[in-house]
Amino acid sequence: MKTEVYCTVVIEGTHCWTDCPYPEVAYLRDPHRHLFHIKAYKEVTHADRDVEFIMLKHRIESYIKDKYLARVGSADFSTMLCVFGSMSCEMIAEELIEEFDLTRCEVNEDNENGAIVTV
């Protein structure tokens, strides 16, 4: 039997696909905003909260915000958006898998379209 726990994180951010070759979705070349819905899975070895999923959620949120949060403007105002540059959902998922030793990670845009990366 294999058991995984998971946590979900929602991050407001921007990204773009600068090399998008498709005219139909050429607008993706420009930075655009999404709510990135992240579902992170981690294998556990026993059934008594081997990994505390609330703490895992907090660590993932902190990691993303520390690395990608753009603070633009005065001390009284900041955009509070994470800027992922040209990272795809797949790239974000791969980074989180490596950083947190996850077994799989789903990242989707606005709870509509996305990717699942599995180890």
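Computed from a predicted structure; not experimentally measured.
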Are the side chain of [X] and the backbone of [Y] linked by a donor-acceptor contact shorter than 3.5 Å?
| X | Y | result |
| --- | --- | --- |
| R29 | C20 | yes |
| H15 | M87 | yes |
| D50 | T45 | yes |
| N108 | N113 | no |

Which heavy atom of [X] sits nearest to which heavy atom of [Y], and what is that distance?
| X | Y | answer |
| --- | --- | --- |
| G114 | C89 | CA-SG, 4.5 Å |
| I64 | I38 | CD1-CD1, 3.6 Å |
| T8 | K39 | CG2-CG, 3.9 Å |
| D101 | K42 | O-NZ, 3.2 Å |
| I97 | V119 | CG2-CG2, 3.5 Å |
| S86 | M91 | O-SD, 4.0 Å |

Neighbour count >12 (heavy atoms, 6.0 Å) for atom OH, Y68:
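Above 12, so yes.
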[X] and [Y]: same hydrophobic cluster, using ILVMFWY side-chain contacts below 4.5 Å?
| X | Y | result |
| --- | --- | --- |
| Y41 | V51 | no |
| F53 | V44 | yes |
| W17 | V107 | no |
| Y63 | Y6 | no |

Got a second to check how far [X]'s [atom1] is from [Y]'s [atom2], nearest 0.5 Å?
| X | Y | atom1 | atom2 | answer |
| --- | --- | --- | --- | --- |
| E52 | H58 | CD | NE2 | 9.0 Å |
| C105 | L96 | SG | CG | 5.0 Å |
| L69 | I11 | CG | CD1 | 8.5 Å |
| K67 | S62 | NZ | OG | 14.5 Å |
| I92 | C82 | CD1 | SG | 9.0 Å |
| H34 | E112 | NE2 | CD | 9.0 Å |

T103/E4 under side chain to side chain donor-acceptor pair (under 3.5 Å): CA gap, chis, key distance, verdict
CA-CA 8 Å; T103 51; E4 297 171 309; 2.5 Å; yes
Taking the inter-plane angle between the rings of F36 and F84 on a 0 to 90° scale, is it parallel (under 30°), tilted (30 to 60°) or perpendicular (over 60°)?
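Taking F84 first and then F36, their aromatic rings stand perpendicular (interplane angle over 60°).
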Passes side chain to side chain contact (heavy atoms under 4.5 Å, CB included), E106 versus H37? Steps please.
CA-CA 8 Å; E106 175 181 337; H37 293 255; over 6 Å; no
Please examine the side chains of I60 and C7, heavy atoms only from C-beta on, and report whether any two atoms are closer than 4.5 Å.
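The answer is yes, as the side chains (C-beta and beyond) meet within the 4.5 Å cut-off.
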Salt bridge present between E12 and R33 (N-O < 4.0 angstrom):
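Between R33 and E12 there is a salt bridge, with a charged N closer than 4.0 Å to a carboxylate O.
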